[in-house]
Number of protein chains: 2
Amino acid sequence: MLTRRFSTRAIYQQMRDVLAARIATGEWKPGTALPSEADLAREFGVSPGTARKALKLLEAERLLTRRQGHGTFVNAPSSDERALRYSNIRTSGGERIVGEVKVLKVSEGPANEAQRDRLQLRSEDCACQIRCVRLFNGKPFMVEEISMPSTLFPGLTEREDFGCSIASLAQEFGVLVGGAEERLTIGPAPRDVAEVLGLEVGAPILMLDRLVHAIDGRPVEWRLRHADLADKYYAANLG
Amino acid sequence: MLTRRFSTRAIYQQMRDVLAARIATGEWKPGTALPSEADLAREFGVSPGTARKALKLLEAERLLTRRQGHGTFVNAPSSDERALRYSNIRTSGGERIVGEVKVLKVSEGPANEAQRDRLQLRSEDCACQIRCVRLFNGKPFMVEEISMPSTLFPGLTEREDFGCSIASLAQEFGVLVGGAEERLTIGPAPRDVAEVLGLEVGAPILMLDRLVHAIDGRPVEWRLRHADLADKYYAANLG
DNA sequence: TAGTGGTCTAGACCACAGA
DNA sequence: CTGTGGTCTAGACCACTAA
């Protein structure tokens, strides 16, 4: 029974948090149909309108899909809706490029200054670091340097497969991803990047700096990428 | 008195359209306080909740600002909220760059193939075309080629000042701007661009291709830009 | 036909801003 | 204090889907 008596937080927000937790922990599995609005309202002891507001929030956060006459369903982190959320590089034909991922190096240790700054870590915190290259049609086009807080992803470096999206990876650790910011600049390709991508050292290349947050605002992943945009473009949506 | 009897469109959507028209035509001027939810509900013969939904839509479209205990106010097209909506180039310090605009050339005539394609024009339609350069701290950093449907902006080419934002310009013609898409690529600077920006011909440069829509979905403006990103970056928000 | 979410109503109380 | 928007209630009817 949710109430506002013991919290300044609105009831529909509290309810959203509880429902999100059920999704994050896997209590509600991907593809599962949720109880109807009316049933959820009864369970939480709130009015149907309030339950509806909580569900609408989770739909906007891409965690649920609702269809009139059908029901409310949990989106898989591997669904296009969630996995391709941050994939903004497309072919000149307009198709999203995901590409295969080849991991080059995995390491873990005390966070460096850049990582502490971007991931809001303290000086004693550690970070996982993954370096990989993305291939499209077998040809490498992007080198990535991924950093994640070790506290959020304990034992991450022991994994074998990093090919999945950050949405899937995070959810395995009970974290739901939310918004992200990306910064784009043009810069000269460093030697190590140029070698992997088959470019000349210093060739102009797109640099992408992306920070992904959890739905509660905590920084979850910082990704620094060098991309060769030949026959491709970066698509931005200005709501 | 709005009703659903004569339209499949939801009442709150119909009401949004009417309110948006009042803003577009200037019947409600920027800075004006709207009647309260309850008064608007009475005027339109709907329940307060329905009126509220219409107002929420317009707030999401950046046309209104609502503040509890204060009221609902019309946003000026020149307000940061609306004018800087599409300004994604920032200084390395993170401040939005607007810059001064210097118009190089204004012309009007039958739309070329690219304009017809991007602005959804028919073969007999005309387009206004404006070429200008943007300066930051007195230094040119971006060349723009702007195209707009002549039918939407009659007499545009007779104007003197194009320095204002597309939101302001469009509203002078009774058009409210909504979403936009942008495509970014890296390419060699053409001679004319390089000369204006003080770069070598063929130097790598950011190309931005942006299409702005009206809130009803019609294409309103197509902008092709070449930008020198030195000491700057492009900021994208991945909601 | 039963059950779902989408819309809509007509109220209530609360938090907040300003006179 | 008054009036605003934010939240919340407890219903109603409708459009849609699938069995």
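Every chain is numbered from 1, with letters handed out A, B, ... down the list of sequences.
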**OP:** Test His213(B) against Glu221(B) for side chain to side chain donor-acceptor pair (under 3.5 Å), laying out the working first.
**Re:** CA-CA 7 Å; His213(B) 300 268; Glu221(B) 182 217 56; over 6 Å; no
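Residue Phe44(A) contributes atom CZ, which lies 18 Å from atom P of dT7(D) at whole-angstrom precision. Taking atom CD1 of residue Ile11(B) and atom P of nucleotide dC13(D), one finds them 15 Å apart after rounding to whole Å. The distance from atom CZ of Arg42(A) to atom P of dG11(D) is 11 Å, rounded to the nearest whole Å. If you take CD of Gln13(A) and C1' of dC8(D), they are 14 Å apart, rounded to a whole angstrom. One interatomic measurement links the two molecules: CZ of Phe73(A) to C1' of dT17(D), which rounds to 10 Å at whole-angstrom precision. Note: CZ (Arg66(A)) to P (dC16(D)) measures 17 Å, nearest angstrom. dA2(C) atom C1' lies 14 Å from atom CG of Asp39(A), rounded to whole Å. Between the CG atom of Leu57(A) and the C1' atom of dT7(D) there is a distance of 13 Å, rounded to whole Å.
Of the residues near DNA chain D, Pro35(B) and Tyr12(A), the one whose nearest nucleotide (by heavy atom distance) lies more toward the 5' end is Pro35(B).
Using a 4.0 Å cut-off, no side-chain N or O of Lys53(B) falls inside it from OP1 or OP2 of dC8(C). Phosphate contact (OP1/OP2 of dG6(C), side-chain N/O of Arg52(A), threshold under 4.0 Å): present. The phosphate of dG5(C) (OP1 or OP2) has a side-chain N or O of Thr72(A) nearer than 4.0 angstrom. His70(A) has no side-chain polar atom (N or O) that falls below the 4.0 Å cut-off from OP1 or OP2 of dC16(D). OP1 or OP2 of dG5(C) has not a single side-chain nitrogen or oxygen of Lys56(A) nearer than 4.0 Å.
Here dG5(C) is the nucleotide among dG5(D), dT9(D), dG5(C) with the atom lying nearest to any side-chain atom of Gln68(A). Comparing dC8(D), dC8(C), dG5(D) by their nearest atom to the side chain of Ser36(B) picks out dG5(D). Here the side chain of Arg67(B) is nearest to one of dG5(D), dG5(C), dA17(C), namely dA17(C). Comparing dG5(D), dT7(D), dC8(D) against the side chain of Ser47(A) picks out dC8(D) as the nearest. Which of dA10(D), dG5(C), dA10(C) sits closest to the side chain of Glu37(A) comes down to dG5(C). Looking at the side chain of Val46(A), the nearest of the listed nucleotides dG6(D), dT9(D), dC8(C) is dT9(D). Between dT4(D), dC8(C), dC8(D), one nucleotide has an atom nearer to the side chain of Ala10(A) than all others, and that is dC8(D).
When heavy atoms are screened at a 4.0 angstrom cut-off, Leu55(A) is found touching no nucleic acid atom at all.
In Glu113(A), the CD atom is not crowded: 12 or fewer heavy atoms of neighbouring residues, nucleotides or ligands sit closer than 6.0 Å.
Under a 3.5 Å cut-off, the side chain of Arg85(A) and the backbone N or O of Gly178(A) do form a donor-acceptor pair.
Cation-pi geometry between Arg183(A) and Tyr233(B) is satisfied (NZ or CZ under 6.0 Å from the ring centre, within 45° of the ring normal).
Side chains of Gln120(B) and Arg218(B): a donor-acceptor N/O pair is absent below 3.5 angstrom, by distance only.
Salt bridge Arg52(B)/Glu37(B): present, at least one basic N to carboxylate O contact under 4.0 Å.
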